Each structure stands twice: as structure tokens, then as C-alpha cells.
Engineer: 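This is the structure I have questions about; it appears just below.
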Amino acid sequence: MKTAKDIINGLPLNMNDIARLTLEATEELGESAQGLTRLDMLHLLRRVIRAGVAAVRAEEHTVSFEQAARESVAARAGRRATTLRDLRHFVRRMLRVEGMAARPLRAMSTRECRELLEKAFGCSDHSFNKGRAILHSIFAHGQRQEWCGENPVSRIETRRIQEKEIVPLSPQEVQRLEKAAQLPEHREMRFSLHLLLYSGARPQEVARLSECHIQPEQGRVIIPAAGSKTGGGRVLPLRKTTSLRGVPLRVPRNWQNRWRALRRAAGFNHWQPDVCRHTFASYHAAYFRDLGALQLEMGHRSTDLLRTRYLNLPQVKQAKEYWNIR
């Protein structure tokens with residue numbers, strides 16, 4: 001019959017170590033280990049050992065943050081192209097933070113996640129909040145794969161966003177853009193500019209329009225769901241069509257570069273993103289006074305955003321001048 005020394009032979013432990021570990025286990029078990037027979041105690045300690053081994057193995061079952069992030073993106077392959085592009089961009093920024101790509105997902109703490117977000121997106125509250133949402137989704141995917149036990153991002157608060165006021169373009173500034181679009185080198189952008197100024201289309205939505213989406217016979221342009229920011233398609237009326245006579249109703253290639261060149265030709269060295277969309281909405285609200293119709297064109301779920309962002313409306317005189325620009 002083997003003695004205790006024979007049983008533990010080859011282990012880096014002695015009898016005192018084993019006795020100490022047994023005592024610690026029974027102390028942690030508390031009342032569960034009181035008054036038991038030898039056999040019951042052995043059975044209980046075996047359960048403790050098996051549960052402990054399972055817990056240790058679970059802790060070791062994880063992947064690197066980089067692998068978790070990339071597999072989380074791959075799991076959303078069915079999303080819209082614009083969503084996936086943004087997702088990949090934010091993930092790349094997080095992976096560029098020194099030392100984070102190789103970190104075991106299960107080992108990452110709330111403090112580490114907060115530092116990661118601050119290093120990758122700290123200069124922008126909008127980017128910080130979007131990065132936080134994406135990081136939260138990576139850990140949520142990791143939880144489903146049992147690569148981590150909790151989501152440490154849940155304890156990171158979003159930042160409060162203070163919206164900056166966007167001042168609409170004046171009628172005179174709109175005319176500068178219109179005149180620049182009449183120059184021979186910018187004529188192909190006339191239709192695009194018209195949509196930006198006189199509909200609720202976003203620049204990215206205009207850039208993605210195909211010929212089939214432009215329907216002058218019906219007096220409309222279709223913004224397809226796949227090409228919109230929010231994933232909802234909508235129909236935009238073609239206004240002021242007399243000013244489009246002789247203008248090719250198409251969107252040129254290399255659109256982003258052409259749009260920047262047109263703005264420079266009009267004398268705009270600094271450009272506020274989405275100012276054309278804001279200009280359209282502001283003058284539409286001031287002139288037509290129909291937030292319900294405007295909401296549909298803008299693609300908003302309700303009129304709440306219009307009421308909060310377009311309270312400082314331009315004067316009716318300016319609105320009339322805007323809608324009467326030839």
C-alpha cells in the first residue's frame with residue numbers, strides 16, 4: 001500500500017503544504033465542511049477540486065484582443081457596407097494602441113478598457129462613445145464564445161456630447177457655390193450640388209447614387225437603404241428643376257475629390273461637415289413651416305431632432321431669398 005509520501009512523490013509539495021491547503025479549503029467552505037465523516041469530507045473536497053479545475057480551465061480559455069475584435073467584425077458580415085467600414089476603422093484604431101492587440105481578452109480590466117478608449121479616441125467625445133459601443137460589442141461576442149466572463153466596458157460611462165451649433169450658409173454663400181459649379185471644370189458637380197442644397201441628402205448618400213436611383217420623369221431621387229446612413233431608404237423630391245435644364249443628371253466618379261475642389265473654387269477654405277444638409281433643413285423649416293414633411297426628407301424617426309437643432313431659424317426674408325436663387 002502506498003504511503004502519503006509515495007502518493008505525492010514527484011510533486012513540488014510536501015505534507016505540510018497539503019495539510020495547509022486542505023485547512024484553507026475547509027475554512028473557506030465554512031459550515032458546509034462542519035460535522036462531516038471522513039468519507040463525506042473526501043467527497044466534498046473532490047467536488048471542490050473538480051470545480052476549481054474547471055474554473056481554472058475556463059479562465060485559461062480565451063483569445064487575444066485582436067482575434068476577438070476581428071472575429072466580432074466577421075460575425076457582422078451581413079451588415080451594410082458603410083457600417084462595416086466604420087466598424088473596421090474603429091477596430092484598427094484600437095489595435096494600434098501599444099500592447100493591446102496581444103492582451104488576453106479575459107485578462108482585460110475596466111481600467112485597461114478605459115485607457116484604451118482614451119488613447120484611441122480621447123480627443124473626440126463622439127468617437128469615444130462610438131468606440132465604447134464597439135468595444136462593448138467585442139466583449140459581448142467574447143462572452144458568447146466563453147472567451148471572457150464579464151463585459152468590463154459596461155462600467156465605463158459614455159461621455160456627454162455638447163452639440164456645436166451649425167450656422168446655415170447664407171444665400172450669398174449658396175450663390176458662390178452655384179457660380180463655382182457653372183465653371184467648365186466643375187459642371188459635372190452641378191446636379192450633386194443641387195441635391196445637397198435643395199434636398200435632405202447627405203454627401204455620402206449623393207456620392208453613392210446610381211443612375212437607376214435618379215428618376216426625373218417622376219420628379220424624385222431614391223436614397224436606397226443600403227446607401228443611407230441610418231439604413232432606411234427614402235424618396236426625395238427634385239425641386240427647382242428649371243435650374244437643372246441642360247445639366248447631366250448623374251453623379252460623377254471621384255466624387256469626394258470633386259466636391260472638395262468645388263468648395264475651394266467657391267472660396268471655402270474651412271468647411272463644416274453636413275452644412276448643406278443643415279442649410280436645407282433650416283431654410284425649409286423657416287419657409288414652409290412643415291416639420292412633418294421635413295422629417296421624412298431628412299430621414300429622422302421623429303420631429304424631435306428638428307425641434308432641438310433648428311430652433312435658431314433664419315429670417316423669413318433670407319429663406320425666401322434662398323428658395324428664389326436661380
Side-chain angles (χ1 to χ4, degrees), residues 73 76-93 121 124-127 129-131 133-134 161 163-164 166-169 173-174 177-178 180-181 186 188-215 220-239 244 247-266 268 270-284 294-301 305-306 309-310:
V73 174
R76 303 186 214 180
R79 300 289 183 90
R80 294 184 304 122
T82 53
T83 300
L84 288 174
R85 186 174 62 247
D86 286 348
L87 187 58
R88 293 188 185 105
H89 170 71
F90 274 75
V91 166
R92 282 196 299 269
R93 288 177 65 175
F121 315 108
S124 167
D125 291 340
H126 280 285
S127 294
N129 287 347
K130 188 168 183 177
I134 291 171
I161 304 296
E163 295 284 354
K164 295 181 180 179
I166 301 177
V167 179
L169 297 171
E173 289 174 318
V174 171
L177 285 168
E178 296 271 24
H186 300 300
E188 284 192 280
M189 286 295 292
R190 284 187 64 186
F191 177 63
S192 296
L193 178 64
H194 191 90
L195 290 179
L196 292 173
L197 290 173
Y198 302 111
S199 78
R202 300 175 176 89
Q204 298 87 345
E205 293 171 339
V206 174
R208 298 185 194 116
L209 285 177
S210 300
E211 186 175 344
C212 63
H213 301 134
I214 302 166
Q215 302 173 354
R220 67 187 186 183
V221 171
I222 308 296
I223 302 295
S228 72
K229 178 181 177 181
T230 58
R234 61 193 194 281
V235 178
L236 304 180
L238 269 176
R239 295 187 177 86
L244 292 176
V247 176
L249 303 185
R250 61 174 180 265
V251 175
R253 295 181 179 179
N254 199 20
W255 192 89
Q256 293 291 351
N257 289 337
R258 288 176 178 272
W259 176 220
R260 282 193 291 269
L262 174 60
R263 299 194 312 253
R264 287 195 297 268
F268 291 95
H270 173 72
W271 188 258
Q272 180 73 41
D274 277 344
V275 69
C276 285
R277 179 172 158 88
H278 192 96
T279 297
F280 162 76
S282 298
Y283 286 124
H284 188 292
L294 179 58
Q295 170 208 334
L296 293 176
E297 286 199 50
M298 297 290 281
H300 293 164
R301 291 187 178 89
L305 188 58
L306 294 173
R309 296 198 71 186
Y310 303 98

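Since the structure is predicted, the reported quantities are computational estimates derived from the model, not experimental observations.
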Engineer: Tell me every residue that passes salt bridge (Lys or Arg N to Asp or Glu O under 4.0 Å) with Arg239, counting only those two or more places apart in sequence or in another chain.
Structural biologist: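 If we apply the salt bridge (Lys or Arg N to Asp or Glu O under 4.0 Å) test to Arg239, skipping adjacent residues, the hits are Glu297.
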
Engineer: Can you name the closest pair of heavy atoms from Ala207 and Trp255 and give their distance?
Structural biologist: CB-CE3, 3.7 Å

Engineer: Contact between Met189 and Pro252 at the side-chain level, heavy atoms closer than 4.5 Å - yes or no?
Structural biologist: yes

Engineer: Distance from Leu236 atom CG to Leu296 atom CG, nearest 0.5 Å?
Structural biologist: 10.5 Å

Engineer: For Gly200, is there any backbone N or O sitting under 3.5 Å from a side-chain donor or acceptor partner on Arg234?
Structural biologist: yes

Engineer: Do Leu193 and Leu177 have side chains that approach each other closer than 4.5 Å (heavy atoms only, starting at C-beta)?
Structural biologist: yes

Engineer: Side-chain contact test, heavy atoms from C-beta onward, threshold under 4.5 Å: evaluate it for Leu294 versus Phe280 and give yes or no.
Structural biologist: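 Yes, close enough: below the 4.5 Å cut-off.
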
Engineer: So Arg76 and Leu87, do their side chains get closer than 4.5 Å, heavy atoms only?
Structural biologist: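 Answer yes - side chains close enough.
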
Engineer: What heavy-atom pair brings Arg250 and Ile214 nearest, and what distance separates the two atoms?
Structural biologist: CA-CD1, 4.1 Å

Engineer: At their closest point, which heavy atom of Ser127 faces which heavy atom of Ser124, and how far apart are they?
Structural biologist: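 Taking every non-hydrogen atom into account, N-OG, 3.1 Å.
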
Engineer: If the condition is side-chain contact (heavy atoms from CB on, under 4.5 Å), which residues does Val275 pass it with, not counting sequence neighbours?
Structural biologist: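 side-chain contact (heavy atoms from CB on, under 4.5 Å) check on Val275 returns Ile166, Leu169, Trp271, Gln272, Thr279.
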
Engineer: Would you name the heavy atoms of Leu84 and Val73 that are closest together and state the gap between them?
Structural biologist: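 Where Leu84 meets Val73 most closely, the heavy atoms are CD2-O, 4.4 Å.
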
Engineer: Do the side chains of Cys276 and Pro203 get nearer than 4.5 Å, heavy atoms only?
Structural biologist: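 A side-chain contact under 4.5 Å is absent here.
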
Engineer: Do Val174 and Tyr198 have side chains that approach each other closer than 4.5 Å (heavy atoms only, starting at C-beta)?
Structural biologist: yes

Engineer: Please examine the side chains of Met298 and Arg277, heavy atoms only from C-beta on, and report whether any two atoms are closer than 4.5 Å.
Structural biologist: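 Yes, close enough: below the 4.5 Å cut-off.
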
Engineer: Under the rule for side-chain hydrogen bond (donor to acceptor under 3.5 Å, both in side chains), what residues qualify as partners of Trp259, not counting sequence neighbours?
Structural biologist: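 Listed in chain order: nothing, the list is empty.
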
Engineer: Do Arg258 and Ser192 make a side-chain contact, defined as non-hydrogen atoms from C-beta onward lying under 4.5 Å apart?
Structural biologist: no

